[in-house]
Amino acid sequence: MEEPATQDFVREWVKADTESKKFGGRVQTRFPPEPNGYLHIGHAKSIYLNFGVAEEFGGKCLLRFDDTNPETEDPAFVTAIQEDLSWLGVSSAEPARFASDYFPQLYAWAEDLVRKGLAYVDDQDAETISEQRGGFGQPGIESPFRGRPVEENLGLFRQMRDSAFADGAKVLRAKIDMQADNMWLRDPVLYRIRRTPHHRTDNQWVIYPTYDWAHGQSDAIEGVTHSICTLEFADHRALYDWLLSQIDLPGDRPQQNEFARLNVTHWVLSKRVLRALVEDGHVDGWDDPRMPTLRGLRRRGYPPSAIKAFVDRVGVAKSNSVVEVELLESFVRTELNRSSLRRMAVVKPLKLTITNWPEGQVELMEVVNNPEDPDAGTRQVPFSGELWIEQDDFRLEPPPKYYRLTPGREVRLRNAFFVTATDAVTDDDGNVVEVLATYDPETLGGSAPDGRKVKSTMHWVSAGHALDATVHQYSRLFTEPHPGADGTDPLSSVNPNARETNPAKVEPALAEVAPGQVVQFERLGYFAADLDSPMVFHRTVGLRDEWAKIQKRKKNQPK
RNA sequence: UCCCAGGUAGUUCAGCGGUAGAACGCCAGACUUUGAAUCUGGUAGUCGUUGGUUCGAUUCCAACCCUGGGAGCCA
C-alpha cells in the first residue's frame, strides 16, 4: 500500500521528526473537542487530519475531551461527539480520554511550579488583572501579589483547592514576563475558582485549570508528539512551550503547530452563529439538514466518504481561506453517483393522460437500478395511461432551447414509450392542470423502429400506483457567499427560503428505502430518506442542471 | 500602536533559483433511454508592490502595502 497522502506542512513536519527519530520515530496526535456543542464540518477537517496523520505514520490518535470548564459542558455532548466521530468512520483502539482525568496530576505540577517560584496566587479580580496586562505595544505592569513568598503561595493555593475562597476571589498565575510582546506570556492565569459541579468530577474540585494549563500538560501525559490545533492558538505556542519546559515530564515533550480552520461559502462555522440559528428558529435544530453540523449533514445524506475526500482535497495550510461549497457538493455527487439506486419521483405533479392507452391496462417495466453498478440489478415499475409528470416538464408556450414536452412535440418517458402531447387542459386562471398525449406502442423500451429521435427523456410515476411522499429541497442557508464579511451580522443573510417542501408522488419501490439511505430521483438529484419519518425525503444535492444554467444565464444577461 | 501568520488562475492548494501546475468552476465537442454520468479538448494568473543579489527570482534578501489572528479567570 503506497501512501501518496497529499503533502502539506503538517505532514512534512511530522515526517522530518520521524526521520530524525525525534521521538524515537513515534507519532501521536489527538482530537481535543470541548464537550459544549455539536461537531460541524470544520471539525471533520481536524478529525481527518489528526487521525489521518497518525495512521499514515503508524502512530495513534486519541480522542480527548478538553473538559476544563464545567459551566458550559454537558455529558450529552460527549455522547453526541462520539457518535459523530464513529459516523465519520474514525475510531481509536483506545477509549476516549478526558482532561478532567488529569486534574490530580495537573494540580501536583502546579504546586511544583509554585515551589519553583514560577507561579503565584493573585488576589485581584479579573478586571484589574486585565487592565494590568497592558495593551499591544504597551507593557503590562506587575501585580502587587507577584512577589509573594513561595510558602505563602503554596498555602494559599492549597486553600483555594480546599474551597476556602469564593469564586473569583483568587487565581493562580504563572510568573513569566509582564513586558512580553506576546500577551499570553504576561503572567497568564492557570487556575480559577468555580464552585460548579463538573460533569465527571462532580464537586471534587472547586478550582479548574485553564485551557493553557491543561492542554499541553494533557498532551504530555498521553504521550502526544504532535499537537495540531487551529491558527488562533498560534500565540499560545510560546506559553505551551514555556509551561512544558518548567515541569518534570513523564516522557517526550510534545510540540504544537497550527493550521487554518475550514470555512465554506454560504455557511458559517461558528458555535455562536450556529446556536443562534437554532435558538432563533431559523432551523429546526442542530440536526436540521440545512445545518453544517455533522448531524445535519448526516440527515441530509452527505456520505462521510465524500466529506473525507473533500477535506483531503482542500488540504492543510496556514492561510485563512474559504472553500466553495460547490467543491464539497462535487465530491458528494461523485460518491452518490456511484453508490445510489435510481428511482423515479415527481416533486411537482402534473397529470398526463395517454388518450390512446387501453383502458385500465397496467404494464410492468423492467428498470435498471443503477447504470453505474450492474450488480444493483433491476426492478419492476408499473406503467399506465394515467401518469404524474413534473410540472416543469411541460410548457404550453416553450421558451427557446426548451427540449421537453410541449403541444405537438414527442418526448421519451424514461424506461417506457415515446409520447406526443396533443392538448392541455387549463383552469380558469390559465394554469395547465392536465396534459393529454398519445403514445406509440412501437417505442416500448425507448427507441423507435424507424430510428426517429427525441430531444428529451422525462421521468414519470403511474398515478394509480404512486405513493405520497414529502420532499424537502434545500438551497443555500445563507444567501451571501461570505456571510458577515462586510461587518454585518451573518444572521442578516440567512435565507428564509432555504427549504422548499412539496407533496410528491413517488414510485412504489420507494416504500422499501431504509432510513438514512440515499437514492437518486432521476433527473432531480440525490435524496436521503429521513432518519425518523417514513416517506420523507431530503434533497442531499441536485444533479448538475444544464437547463437551469441556461435559464440563469438568460436572466443575468442585460437586455 | 506591538507580536504572530499569510498574500501564486474565480476558489482551494502545488511549485521554492531556469519566467507556472492540479482539482473544482467556467466554455466547447463526443457519446448517451437522466439537459445526469462518462470521455476529450479549451479558457484562465503583470506569482501583493518596489528595490536588491544573480547570467537568470514566483522562488533568496530588504522595505513597504494588504488580509487574518492576538490584550477571557472561554476553548
Side-chain angles (χ1 to χ4, degrees), chain A residues 6-8 32-34 36-37 66-69 71-72 122 124-127 129-140 167-173 180-186 188-194 207-208 210-212 214-215 229-238 258 260 262 265 271 310 313-331 333-334 337-338 342 344 367-368 371-372 401-404 412-416 418 443 445-447 454-459 481 520-525 542-550:
Chain A
T6 43
Q7 214 39 56
D8 53 63
E34 185 186 15
N36 70 346
D66 232 339
D67 54 349
T68 56
N69 183 1
E71 291 175 330
T72 60
D122 196 331
Q124 304 179 107
D125 61 25
E127 197 184 340
I129 290 176
S130 173
E131 280 165 13
Q132 289 175 352
R133 190 119 47 207
F136 302 135
Q138 296 130 244
D167 282 18
K170 287 181 165 48
V171 290
L172 184 74
R173 288 226 261 169
D181 285 328
N182 184 333
M183 289 289 173
W184 290 102
L185 261 20
R186 316 251 266 216
V189 171
L190 265 27
Y191 270 98
R192 68 289 211 184
I193 303 170
R194 284 284 175 280
I207 57 170
Y208 291 96
T210 55
Y211 164 84
D212 290 291
H215 205 89
C229 59
T230 44
L231 248 29
E232 66 270 29
F233 293 101
D235 291 304
H236 295 243
R237 186 156 91 215
E258 313 83 24
L262 176 69
T265 56
K271 265 179 195 168
F310 168 70
R313 192 71 194 83
V314 161
V316 183
K318 274 186 184 285
S319 56
N320 279 306
S321 57
V322 186
V323 184
E324 290 174 338
V325 68
E326 287 82 357
L327 183 63
L328 208 209
E329 291 176 339
S330 84
F331 282 105
R333 286 195 189 96
T334 300
N337 176 51
R338 192 175 63 224
R342 311 294 128 122
M344 289 197 284
V367 176
V368 167
E372 306 290 326
K401 289 202 158 179
Y402 184 85
Y403 297 161
R404 288 113 100 149
R412 174 166 40 233
L413 292 179
R414 173 134 244 242
N415 306 304
F418 283 10
T443 56
S447 56
V454 290
K455 271 284 218 183
S456 71
T457 302
M458 299 170 7
H459 60 277
Q520 185 194 100
F521 289 172
E522 295 215 38
R523 300 209 308 137
L524 296 177
L543 259 23
R544 277 187 68 223
D545 190 342
E546 201 61 36
W547 172 241
K549 260 188 225 166
I550 290 170

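We name chains A, B, ... by the order of the sequence lines, and we start the count at 1 in each one.
RNA chain B is contacted by both A:Val316 and A:Gln138; A:Gln138 maps to the nucleotide lying nearer its 5′ end (nearest heavy atom per residue).
Residue contacts for A:Pro139: at a heavy-atom cut-off of 4.0 Å it reaches no nucleic acid atom on any strand shown. Contacts of A:Arg404 with the nucleic acid, taken as non-hydrogen atoms under 4.0 Å apart, include base atoms. Heavy atoms of A:Tyr402 sit under 4.0 angstrom from at least one base atom. At a threshold of 4.0 angstrom between heavy atoms, the contacts of A:Val322 are confined to the sugar-phosphate backbone, with no base atom among them. Residue A:Glu329 is out of contact with every strand shown, counting any heavy-atom pair closer than 4.0 Å.
Between A:Lys455 atom NZ and B:U32 atom C1' the separation is 14 Å, expressed in whole Å. Rounded to an integer number of Å, the gap from OH of A:Tyr403 to P of B:U34 is 14 Å. Between A:Leu543 atom CG and B:U38 atom P the separation is 11 Å, expressed in whole Å. Atom NE2 in A:His459 sits about 10 Å away from atom C1' in B:U34, given to the nearest Å. If you measure from atom CD1 of A:Ile550 to atom C1' of B:A36, you get 14 Å, rounded to the nearest angstrom. Distance, A:Met458 CE to B:A36 P: 16 Å, rounded to whole Å. As a whole-Å value, the separation of A:Arg342 CZ from B:U38 P is 11 Å. Distance CZ (A:Arg523) to P (B:A37): 14 Å, rounded to an integer number of Å.
Between the side chain of A:Thr457 and the backbone N or O of A:Leu413, no donor-acceptor pair lies under 3.5 Å. A donor-acceptor pair is defined here as one N or O able to donate and one able to accept, closer than 3.5 Å; no such pair exists between the side chain of A:Thr230 and the backbone of A:Ala260. A:Thr265 places no side-chain N or O within donor-acceptor distance of the main-chain N or O of A:Pro481, the cut-off being under 3.5 Å. Between the side chain of A:Arg186 and the main chain of A:Ala180, a donor-acceptor pair closer than 3.5 Å is present. Panel note: side chain A:Asp212, backbone A:Leu190; no donor-acceptor pair is recorded below 3.5 Å.
Pairing analysis of RNA chain B (Watson-Crick: purine N1 to pyrimidine N3 plus N6-O4 or O6-N4; G-U wobble: N1-O2 and O6-N3; both under 3.5 Å) yields stems of 3 or more pairs at B:2-7 with B:65-70, B:10-13 with B:21-24, B:26-30 with B:38-42, B:48-52 with B:60-64.
Two residues are said to be in side-chain contact when any heavy atoms from C-beta on lie closer than 4.5 Å; A:Asn320 and A:Leu231 meet this criterion. In this structure, the side chains of A:Ser456 and A:Arg412 stay at 4.5 Å or more apart for every pair of heavy atoms. Residues A:Arg192 and A:Thr210 are in side-chain contact: their nearest non-hydrogen atoms beyond the backbone lie under 4.5 Å apart. Residues A:Phe136 and A:Met183 meet the side-chain proximity criterion, which asks for heavy atoms closer than 4.5 Å.
With both ends at atom C1', the span from B:U49 to B:C24 equals 30 Å, rounded to whole Å. Of the P atoms belonging to B:C64 and B:A5, the separation is 16 Å, rounded to the nearest Å. Taking atom P on both B:C61 and B:G7, the two are 14 Å apart, rounded to the nearest angstrom. B:A36 and B:G48 are spaced 42 Å apart, taking the C1' atom of each and rounding to whole Å. A distance of about 49 Å separates the P atoms of B:A30 and B:G69, rounded to the whole Å. Across B:U8 and B:U67, the matching P atoms stand 14 Å from one another, rounded to whole Å. Comparing the same atom, P, in B:A63 and in B:C4 gives a spacing of 12 Å after rounding to whole Å. Distance check on atom C1': B:G68 versus B:C60 gives 26 Å, rounded to whole Å.
Within 3.5 Å, no donor on the side chain of A:Glu372 pairs with an acceptor on the base of B:U38, nor the reverse.
The distance from the NE2 atom of A:His236 to the CH2 atom of A:Trp184 is 4.0 Å, given to the nearest 0.5 Å.
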*Could you walk me through whether A:Asp167 and A:Arg194 pass salt bridge (Lys or Arg N to Asp or Glu O under 4.0 Å), step by step?*
CA-CA 5 Å; A:Asp167 282 18; A:Arg194 284 284 175 280; 5.0 Å; no
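Comparing B:U34, B:A14, B:G6 by their nearest atom to the side chain of A:Ala317 picks out B:A14.
Looking at A:His459 and A:Arg523, their side chains do bring a donor and an acceptor atom within 3.5 Å of each other.
Because its glycosidic torsion is within 90° of 0, B:G72 is reported here as syn.
Around NZ of A:Lys455, the count of heavy atoms belonging to other residues, nucleotides or ligands within 6.0 Å does not exceed 12.
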For nucleotides 23-29 of chain B, 5' to 3', base contacts (B), sugar-phosphate-only contacts (S) and non-contacts (-) with protein non-hydrogen atoms under 4.0 Å give BS-SS--
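For A:Tyr402 and A:Trp547, the gap between ring centers is short of 6.0 Å.
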Which pairs, protein N/O on one side and nucleotides 68-75 of chain B N/O on the other, fall under 3.5 Å?
{"from": "B:G68", "atom 1": "O2'", "to": "A:Asn320", "atom 2": "ND2", "distance (Å)": "2.7"}
{"from": "B:G69", "atom 1": "N2", "to": "A:Asp235", "atom 2": "OD1", "distance (Å)": "3.3"}
{"from": "B:G69", "atom 1": "N2", "to": "A:Asp235", "atom 2": "OD2", "distance (Å)": "3.2"}
{"from": "B:G70", "atom 1": "O4'", "to": "A:Asp235", "atom 2": "OD2", "distance (Å)": "3.3"}
{"from": "B:G70", "atom 1": "O2'", "to": "A:Trp184", "atom 2": "NE1", "distance (Å)": "3.3"}
{"from": "B:A71", "atom 1": "N3", "to": "A:Gly134", "atom 2": "O", "distance (Å)": "3.3"}
{"from": "B:G72", "atom 1": "OP2", "to": "A:Ser130", "atom 2": "OG", "distance (Å)": "3.0"}
{"from": "B:C73", "atom 1": "OP1", "to": "A:Arg133", "atom 2": "NH2", "distance (Å)": "3.0"}
{"from": "B:C73", "atom 1": "OP2", "to": "A:Arg133", "atom 2": "NH2", "distance (Å)": "3.0"}
{"from": "B:C73", "atom 1": "O2'", "to": "A:Arg194", "atom 2": "NH2", "distance (Å)": "2.6"}
{"from": "B:C73", "atom 1": "N4", "to": "A:Gln124", "atom 2": "O", "distance (Å)": "2.8"}
{"from": "B:C73", "atom 1": "N4", "to": "A:Ala126", "atom 2": "N", "distance (Å)": "3.1"}
{"from": "B:C73", "atom 1": "N4", "to": "A:Gly168", "atom 2": "O", "distance (Å)": "3.4"}
{"from": "B:C74", "atom 1": "OP2", "to": "A:Arg192", "atom 2": "NE", "distance (Å)": "3.2"}
{"from": "B:C74", "atom 1": "OP2", "to": "A:Arg192", "atom 2": "NH2", "distance (Å)": "2.7"}
{"from": "B:C74", "atom 1": "O3'", "to": "A:Arg192", "atom 2": "NH2", "distance (Å)": "3.3"}
{"from": "B:C74", "atom 1": "O2'", "to": "A:Asn69", "atom 2": "ND2", "distance (Å)": "3.2"}
{"from": "B:A75", "atom 1": "OP1", "to": "A:Thr68", "atom 2": "OG1", "distance (Å)": "2.6"}
{"from": "B:A75", "atom 1": "OP1", "to": "A:Arg192", "atom 2": "NH1", "distance (Å)": "3.4"}
{"from": "B:A75", "atom 1": "OP1", "to": "A:Arg192", "atom 2": "NH2", "distance (Å)": "3.1"}
{"from": "B:A75", "atom 1": "OP2", "to": "A:Tyr211", "atom 2": "N", "distance (Å)": "2.9"}
{"from": "B:A75", "atom 1": "O3'", "to": "A:Asp66", "atom 2": "OD2", "distance (Å)": "3.4"}
{"from": "B:A75", "atom 1": "N6", "to": "A:His236", "atom 2": "NE2", "distance (Å)": "3.2"}

